[in-house]
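Starting from 1, each residue takes its place in the sequence as its number.
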Amino acid sequence: MLKSPGLPDCFYQNQPSLICPSSPTPKHSLYLSNLDDQKFLRFSIKYLYLFKKSTSLDILKYSLSKVLVHYYPLAGRLRASTEVDQKLEIDCNGEGAVFAEAFMDITAEEFLELSQKPNKSWRKLMYKVEAQSFLDIPPLVVQVTNLRCGGMIVCTAINHCVCDGIGTSQFLHAWAQITTKPNIDLTIIPLHTRHVLKPRNPSEISFTHPEYVRNAPRENGHLDINHFLQSQPLVPTSLTFTSSHIIHLKRQCVPSLKCTAFEALASHTWRSWVRALDLSPSLNVKLLFSVNVRRRLIPEIPQGYYGNGFVLGCAQTCAQDLVARNMSHGVRSVQQAKSSLTDDYVRSMIDLLEDKSVKTDLSTSLVISQWSKLGLEDVDFGDGKPLHMGPLTSDIYCLFLPVIGDFEAVRVQVSMPESVHEKFEYYMKECLGAEASGWDANIGYHAQENGFC
């Protein structure tokens, strides 16, 4: 298998600086909801943006200091709560976000050619904060890398306990707005309080929650696919599904079942993943997928809420039924999981998470996180929208990514064991028939038209 070429080294002329809010901000402890401080989310969401033209570093630092006045918790530090065991909170102390400046001897066009899929060398595009633990890493770390011939790469690492995907998009658009229109009020005013998602007292756990398990599966002697995947040499796979591909998938459910693009593509990806891993036919397999519940709750979560306002929907079935039946079976499972996420169900889930021994059940699960349809690809610091937007790294968790220039298209990215990644790609393309004839081996059909090469 050919390995993707690595990137050249970054050159740092200066030590990274701390960007503090440009004016005084409230000093207090910010409560994090049970959805925020799940152990499953104790990592940073790392975005990579490639722009054809660079923006002045001084302007970016100045506008970041201005936007941190509005999003001051991102300038604080995470810490363990002094009142509740194993719970996190934000110390809103205005200490600042880390900002690193670098140069890389590569053009924007060369980056696109060399890096059609993430590889380990991308990690040098994000300054690594030396830290003893997850809590010691500032909630916001930024590296801006200027490129030869005038382009730039902006990488951000935003703590997932502070923001979800919608929240990070809201923050990045606010930063871009202040960069380009510093005298205009923010389009969306951030809502900091997390008390809208506080657990009830007393708790009312009125549903079984298959998304979670109380004991680590390996301790119970059960198969743990997640542990197996983490132990394997992994290869990133990245396939772009155009609107015609997605329509073709949806037609496989018609006329018996109507479904959304997400339901069809999620079911198809789940099925291909199970087939590629050749799992036992009797194994109960799960699909965990992010669902925004801001408008599902009663009352609805107000606009501007940038904390974690999503939960994991859980579709489950035995591997044999998922693989042997037609695609409608998987789609129905996804639809049932989505429809179960009522206000009562989500409140029950929040109450359940008061028990810190409860963990996300990853043992036989594929996890899908949707980054498309969040507006992440529309961030513009004044010299045009990005040529490329995506994650800094690839993982065993599957991402549905936006495709630049094609709002309806979705790029599916997930790392698979080296021994089965070609089989996974085959299954992903197999059911498309003639529609798959234009696939590129790396990034999908009509890749050049979508701006990825």
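- Put simply, the side chain of Lys87 gets close to the backbone of Leu32: a donor and an acceptor are under 3.5 Å apart.
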Going by atom type alone, with no hydrogens or angles, which donor-acceptor pairs under 3.5 Å involve a side-chain atom of residues 154-167 and a protein atom two or more places apart or on another chain?
| from | atom 1 | to | atom 2 | distance (Å) |
| --- | --- | --- | --- | --- |
| Asn159 | OD1 | Cys161 | N | 2.7 |
| His160 | ND1 | Cys163 | O | 3.1 |
| His160 | ND1 | Asn308 | OD1 | 3.2 |
| Asp164 | OD1 | Ile166 | N | 3.2 |
| Asp164 | OD1 | Gly167 | N | 2.8 |
| Asp164 | OD1 | Arg294 | NH2 | 3.0 |
| Asp164 | OD2 | Arg294 | NH1 | 2.9 |
| Asp164 | OD2 | Arg294 | NH2 | 3.0 |
| Asp164 | OD2 | Gly309 | N | 2.9 |

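- With sequence neighbours excluded, the residues forming a side chain to side chain donor-acceptor pair (under 3.5 Å) with Glu101 are Lys61, listed by chain and number.
- Side-chain N or O atoms of Asp136 include one that pairs as donor or acceptor with a backbone N or O of Ser133 at under 3.5 Å.
- Using the six-membered ring where Trp is involved, Trp122 and Phe111 have ring planes that are tilted, between 30° and 60° apart.
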Please report the C-alpha distance between Val235 and Met416 in whole Å, then the side-chain angles of each, then the deciding distance to 0.1 Å, and finally whether the side-chain contact (heavy atoms from CB on, under 4.5 Å) criterion is met. CA-CA 5 Å; Val235 175; Met416 295 292 290; 5.9 Å; no
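- One side chain, Gln177 or Thr187, offers a donor N or O that lies under 3.5 Å from an acceptor on the other.
- Looking at Ser267, its side chain does come within 3.5 Å of a backbone N or O of Val331 through a donor-acceptor pair.
- With hydrogens and angles left out, the side-chain atoms of Ser56 and Asp58 include no donor and acceptor closer than 3.5 Å.
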Candidate pair Gln170 and Tyr71, rule side chain to side chain donor-acceptor pair (under 3.5 Å), full reasoning: CA-CA 10 Å; Gln170 182 180 307; Tyr71 288 85; 3.0 Å; yes
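- Every residue meeting the side-chain contact (heavy atoms from CB on, under 4.5 Å) condition with His173, not counting sequence neighbours, appears here in chain and number order: Ser169, Asp378, Val379.
- In this structure, Ser33 OG and Leu353 CG are separated by 9.0 Å, a value rounded to the nearest 0.5 Å.
- Relative to the six-membered ring of Phe407, Lys373 meets both conditions, a distance below 6.0 Å and an angle of at most 45° to the axis.
- Put simply, the side chain of His421 gets close to the backbone of Glu418: a donor and an acceptor are under 3.5 Å apart.
- Between the side chain of Tyr345 and the main chain of Ser339, no donor-acceptor pair closer than 3.5 Å is present.
- The pair Arg148-Glu110 meets the salt-bridge criterion, since a charged nitrogen lies less than 4.0 angstrom from a carboxylate oxygen.
- With Gln252 contributing its side chain and Asn326 its backbone, the two residues share no donor-acceptor pair below 3.5 Å.
- Under 3.5 Å, the side chains of Ser333 and Thr317 contain no donor-acceptor pair of N or O atoms.
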Checking salt bridge (charged side-chain N to carboxylate O under 4.0 Å, His left out) for the pair Glu430/Arg275: CA distance, chi angles, key distance, verdict? CA-CA 12 Å; Glu430 178 189 38; Arg275 292 176 74 188; 3.0 Å; yes
Could you walk me through whether Thr145 and Gln143 pass the side chain to side chain donor-acceptor pair (under 3.5 Å) test, one step at a time? CA-CA 6 Å; Thr145 305; Gln143 177 170 320; 3.0 Å; yes
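- In this structure, Asn34 contributes its side chain and Ile350 its backbone to a donor-acceptor pair below 3.5 Å.
- Nearest approach of Arg271 to Val323, heavy atoms of both residues: NH2-O, 2.8 Å.
- The two residues Pro139 and Leu74 have their closest heavy-atom pair at CB-O, 4.0 Å.
- With sequence neighbours excluded, the residues satisfying salt bridge (charged side-chain N to carboxylate O under 4.0 Å, His left out) with Glu89 are Arg79.
- A salt bridge links Lys356 with Asp37: the closest approach of a Lys/Arg side-chain nitrogen to an acidic carboxylate oxygen falls below 4.0 angstrom.
- A salt bridge is defined here as a Lys NZ or Arg NE, NH1 or NH2 lying under 4.0 Å from an Asp or Glu carboxylate O, and Asp383 with Lys52 fails to meet this definition.
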Go through His192 and Tyr72 one step at a time and tell me if the ring-ring contact (aromatic ring centres under 6.0 Å, His included) criterion holds. CA-CA 9 Å; His192 304 298; Tyr72 65 88; 4.6 Å; yes
side-chain contact (heavy atoms from CB on, under 4.5 Å) between Ser282 and Cys318, worked out: CA-CA 6 Å; Ser282 61; Cys318 74; 5.9 Å; no
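- Residue Tyr12 places its OH atom among more than 12 non-hydrogen atoms of other residues, nucleotides or ligands, all under 6.0 Å distant.
- Taking the six-membered ring for Trp, Phe262 and Phe400 have ring centres closer than 6.0 Å.
- In this structure a side-chain-to-backbone donor-acceptor pair under 3.5 Å is present from Thr237 to Val414.
- Looking at Arg123 and Thr393, their side chains never bring a donor and an acceptor atom within 3.5 Å of each other.
- A cation-pi geometry, defined here as NZ or CZ lying under 6.0 Å from the six-membered ring centre and within 45° of its normal, holds between Arg194 and Tyr306.
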Which is it for Lys117 and Gln413 under the side chain to side chain donor-acceptor pair (under 3.5 Å) test, yes or no, and what are the steps along the way? CA-CA 9 Å; Lys117 288 189 259 189; Gln413 180 176 298; over 6 Å; no
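- Between Lys250 and Glu263 there is no salt bridge, since none of the side-chain N atoms of the basic residue sits less than 4.0 Å from a carboxylate O of the acidic one.
- The distance from the CD1 atom of Ile90 to the CG atom of Leu30 is 4.5 Å, given to the nearest 0.5 Å.
- Residues forming a side-chain contact (heavy atoms from CB on, under 4.5 Å) with Lys258 (at least two apart in sequence, or on another chain): none.
- Distance alone, capped at 3.5 Å, is enough to place a donor-acceptor pair between the Gln38 side chain and the Leu35 backbone.
- Salt-bridge check for Arg77 with Asp91: failed, with every basic side-chain N at 4.0 Å or more from each acidic carboxylate O.
- No donor-acceptor pair closer than 3.5 Å links the side chain of Ser415 to the backbone N or O of Ile396.
- Among residues at least two apart or in separate chains, ring-ring contact (aromatic ring centres under 6.0 Å, His included) pairs with a member in residues 356-384 are Tyr47-Trp371, Phe51-Phe381, Trp175-Phe381.
- Other residues, nucleotides and ligands contribute only 12 or fewer heavy atoms inside 6.0 Å of the CD atom of Gln303.
- Rounded to the nearest 0.5 angstrom, Gln336 CD and Cys314 SG are separated by 11.5 Å.
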